[in-house]
Asker: 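Encoded as structure tokens, here's the structure I'll be asking about.
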Amino acid sequence: MTVINTIVEDTTTTFTGWATTGALPLKQFSYHPRPLGSKDIEVEVTHCGICGSDISTLTGGWGALPGPCITGHEVVGTVVAAGPQSLHQNGSLVGVGGLVNSCGDCKDCNNGFQQLCAMKTFIFNDVYHDGSNAVPQGGFADRVRVSSEFAYKIPSEISPAEAAPLLCAGITTYTPLKHFGAGPGKRVGVMGIGGLGHLAIQWAAAFKADEVVAISTSDSKREEAKKLGATKFVNSRNEEERKATRHSLDILLVTSNDKDANWAELIDYVANHGTLVFLALPEVATVAVPPSALLMRHISIAGSLTGGREITQEMLEFAAEHNVRPWITTMPMSDANAAVKVTIEGRPRYRVVMETEAAARLQKH
Ligand SMILES: [Zn+2]
Ligand SMILES: [Zn+2]
């Protein structure tokens, strides 16, 4: 028997964005989105951040792509169409991150971990597991159409451009810090001060961790780390500074996806009973970890992937209340290749956010 996979798409509607099939440059690409479901919204994109995961996808670093892929998972825009059961109204400013669907009824979905659901769907390089096999595309585009359940209200205190990086870099760092109890009595380390790390430092400071230690190979980030709320800066190439921080961190977030990172050295920073948390996926299948370091000092290695629905909305409200904001450089989305180049070269301090023509039409919300 031949099984024919149905791909459901709305042939009356066309969205246009910047796509690759695994090699730069990005090229303009148009596609038909899935039909607007009863809970769906269509979002006119005003802003989209550029994350390391976008780069790893669109350069083929995580493997071949099955077809043209529009990346972008730090999406902010205005709702321009809404199904009858949508959670957001026309005209609302919303954000959409990497996660755009889940079954809604498994143990993880019921516990707010929709990102771990076996039926989860990412915003790009994925298909909907609802029988439709519809292919989602990301926010380097004029529009996206997604379930309103995976779109979040942007608090009025946060500008749309600044909101964008919170949808991935923000939630990716907020989730593990909450989960592993960053706060009074805990010493938190952040390895890598970039798009993710500069937000992780701000969250840990806002959670009132006893110490917030920024670890970087670049001394040029010493002063900026302190401005972000770090109580201490360690240049990992400075042996004295490194030794002074040995075995001291209860939680160490590894935000860099450096495939050549020295894992033994990183574990050396972690306190007895402490946890090292992977947040960014290196472009390698395995990393070498010395087991003796784990066994002799009861150290755990953990991973964390974005955040579920409830914690994402909570994170946005926490950012509004505690003045946590990404440091951004805005560039026009019409210049997407230039924006991607700047990101690949590691020049942004700390996030490039692309702006579409629709951004100019935004009323102050
Ligand atoms: Zn991301
Ligand atoms: Zn589920």
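Just so you know, ligand 1 is whichever comes first in the structure, and atom 1 is the first atom listed for that ligand.
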Asker: What is the number of protein N/O/S atoms located under 2.8 Å from the Zn ion (ligand 2)?
Answerer: 4

Asker: Between His298 and His273, how do the two ring planes meet: parallel, tilted or perpendicular, split at 30° and 60°?
Answerer: perpendicular

Asker: Treat each ILVMFWY residue as a node, draw an edge where side-chain heavy atoms are under 4.5 Å apart, and state whether Tyr128 and Val75 are in one component.
Answerer: yes

Asker: Under 3.5 Å, is there a donor-acceptor pair linking the side chains of Thr57 and Asp54?
Answerer: no

Asker: Does Ala164 offer a backbone N or O that forms a donor-acceptor pair with the side chain of His47 under 3.5 Å?
Answerer: no

Asker: Ignoring water, what protein N, O or S atoms are under 2.8 Å from the Zn ion (ligand 1)?
Answerer: Cys51 SG, His73 NE2, Cys168 SG

Asker: Below 4.0 angstrom, N of the basic side chain to O of the carboxylate: do Glu223 and Lys227 qualify?
Answerer: no

Asker: Does Arg145 come within less than 4.0 Å of Asp40, counting only side-chain N to carboxylate O?
Answerer: no

Asker: Show me the pairs that pass side chain to side chain donor-acceptor pair (under 3.5 Å) and involve residues 192-211, at least two apart or across chains.
Answerer: Thr173-Trp203

Asker: Are the side chains of Pro332 and Glu355 in touch, meaning some heavy atoms are under 4.5 Å apart?
Answerer: no

Asker: Can I get a per-line list of side-chain donor-acceptor pairs under 3.5 Å for residues 317-330, giving both atom names and the distance, sequence neighbours left out?
Answerer:
from	atom 1	to	atom 2	distance (Å)
Glu317	OE2	Gln313	NE2	3.2
Arg325	NH1	Ala319	O	2.8
Arg325	NH2	Glu157	O	3.3

